[in-house]
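Note: hydrogens, waters and symmetry copies are ignored here, and every other heavy atom, side chains too, is used. Just so we're clear, the structure is a prediction, and the values are computed from it rather than from any experiment.
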Amino acid sequence: MAPKYNNSNKPFTCSISTFFLSISFLFAIFLSLFLLSSNQSSKSTLLSSCLISTSTPDSIKVYVSDLPRSLNYGLLEKYWLLSHDSRLGSEVDNQIRSTNSWNNNKIKNIPMYPESPLIKQYSAEYWIMGDLATPQELRTTSFAKRVLAPEEADVIFVPFFATISAELQLGVAKGVFRKKVGNEDYARQREVLDFVKGTEAWKRSNGRDHVFVVTDPVAMSHVREEISPAILLVVDFGGWYRVDSKSANGNTSDHMIQHTQVSLLKDVIVPYTHLLPRLDISQNQKRQTLLYFKGAKHRHRGGLIREKLWDLLIDESKVIMEEGFPNATGKDQSIKGMRNSDFCLHPAGDTPTSCRLFDAIQSLCIPVIVSDNIELPFEGTIDYTKFSVFVAVSEALQPNRLVNRLKSYTNLQKDEFRRNMARVQSFFEYDNGYPGGVGPVPVNGAVNFIWRKVHEKLPVIKEAVVRARRKPPNVVVPLRCHCT
């Protein structure tokens, strides 16, 4: 007899089936979510690997080479004790001399840096030295940590005021500047090199981990070959590149720069010291002029572009082209001109750049850069295309091309340029507000960004030092090109 069907078992059978179906369904969802999460994580990892890391170390350890005071602050004293300086732009310093106000920082015994625009624009050496001269307990904002033994240091800073040394010679006896006999600047350069090359620190690295501030284009001109292994702080590479026909084998491609002295691999481009006061974005007013330029019309080498641009632009509506000189009157005119203009022209001069670019940034005047070989400070941290207009020389020299391009920008675009510029103004500021620069530096100021940039070079420098150690005696490895 067949068993009677028991209806009471039916609900139980259904609940078992439902249970297993539910478990299977939840497992499928969990597996899908796991695979999706893994896939997203993989994509996120891939994306993050394409981004430039923003993490930075806490500091760079710096040892200051024990040069005598006569090669840094002593040079400033010597400059101020000159009876008179007849060079263009020195009127302000002559006035300071007459009142003896250059030495008002008696507590720290550090003279002020010259106010002459021709010299002040290269004052990075003064502010970097001021940071390192600050007692360590006050240097909580500085990226550079000063150490007392070269063995503990990442880099060795050479505290030679190369700009003041050069300008002293030019002011006293310009005729012997390019000679060695009777040239006090050359004698000082030689004293610096003889000292540092005699140290164990130099011998360990052949100077590769030494830092020189060489912002004036004519500074240390007699010993450039000897300091070429070091980390050089320069405002640009104008006057430094030298084509070596032997290493190039006659090949001087536009895409390959043959160098024997400077390279973006080891050296750091630093800002000129701006000469015009900072304009805060909240103080910005309506601007009446489209394009402004004030400076010397006639330049040499790559600066010949200025004359051609001048002739193209001089009669354009809402364009001001002024022959300018670095004196008090010229400064006032530049302040007014830059603050009243949407764009400020920045053509190459004797070198690819000038302090005019940083005056424009402080004035919130959008830089128009017509200089094909320019190198800029802190690239990799700062994207200049967010607040500057770059124009190829060949394009700028086409009639009406430059002006029409500038007219095409809307007010919204120009306002965005200025807002972005305001965000980086402090990056190009050296002055920390303390006499002689001895005091805490701004976290986002020029001095800290210079040291951060030097820190980026350390892996390349350390590798070069290690490679040099394994070379057999008398083996010479040729200098390589820097390809960009």
Practice task
Look at the rings of Phe143 and His455 and say which category their plane angle falls in: under 30° parallel, 30 to 60° tilted, over 60° perpendicular.
Solution key: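 It falls in the perpendicular class, over 60°.
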
Exercise for the section: Can you label the angle between the Tyr113 ring and the Tyr126 ring as parallel, tilted or perpendicular, going by 30° and 60°? Expected result: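 Geometry flag for Tyr126 against Tyr113: tilted rings.
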
Practice task
Check the surroundings of atom NZ in Lys318: do more than 12 heavy atoms from other residues, nucleotides or ligands lie under 6.0 Å from it?
Solution key: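 Check fails, neighbour count at 12 or below.
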
Handout entry: Nearest non-hydrogen partners of Lys266 and Ala230, listed with the distance
Key =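 The answer is NZ-O, 2.7 Å.
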
Exercise for the section: For residues Arg188 and Ser165, report the shortest heavy-atom separation together with the two atoms involved. Expected result: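 Arg188 and Ser165 have their closest heavy atoms at NE-OG, 2.8 Å.
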
Handout entry: Phe157/Phe212 aromatic ring centres below 6.0 Å
Key =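 Between Phe157 and Phe212, the centre distance exceeds or equals 6.0 Å.
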
Practice task
Give a yes/no verdict on a cation-pi contact between Arg419 and Phe387, requiring under 6.0 Å between NZ or CZ and the six-membered ring centre and an angle within 45° of the axis.
Solution key: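 Ring-cation test returns no.
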
Taking [X] first and then [Y], would you say they form a salt bridge - that is, a charged N and a carboxylate O separated by under 4.0 Å?
| X | Y | value |
| --- | --- | --- |
| Lys297 | Asp311 | yes |
| Glu167 | Arg87 | yes |
| Arg356 | Asp359 | no |
| Asp342 | Arg287 | no |
| Arg278 | Asp431 | no |
| Lys294 | Glu323 | no |

The criterion is side-chain contact (heavy atoms from CB on, under 4.5 Å); which residues satisfy it with [X], sequence neighbours excluded?
| X | answer |
| --- | --- |
| Pro229 | Asn206, Arg208 |
| Arg339 | Pro277, Leu279, Ile335, Ser363 |
| Thr353 | Asp236, Tyr272, His346, Leu357, Ile374 |

Handout entry: Pairs flagged by ring pair (Phe, Tyr, Trp, His ring centres under 6.0 Å) wherever residues 389-413 is involved - sequence neighbours left out
Key =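 Qualifying pairs: Phe343-Tyr409, Tyr409-Phe417.
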
Exercise for the section: Look only at the side chain of Ser90 and the backbone of Ser86, and say whether a donor-acceptor pair between them is shorter than 3.5 Å. Expected result: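 Not a single qualifying donor-acceptor pair exists.
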
Exercise for the section: Quick one: list whatever passes side chain to side chain donor-acceptor pair (under 3.5 Å) with Lys336, sequence neighbours left out. Expected result: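 Per chain and number, Lys336 pairs via side chain to side chain donor-acceptor pair (under 3.5 Å) with no residue.
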
Practice task
Applying salt bridge (charged side-chain N to carboxylate O under 4.0 Å, His left out), name anything that partners Lys462, two or more places apart in sequence or on another chain.
Solution key: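 Partners of Lys462 by the salt bridge (charged side-chain N to carboxylate O under 4.0 Å, His left out) criterion come out as none, since no residue qualifies.
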
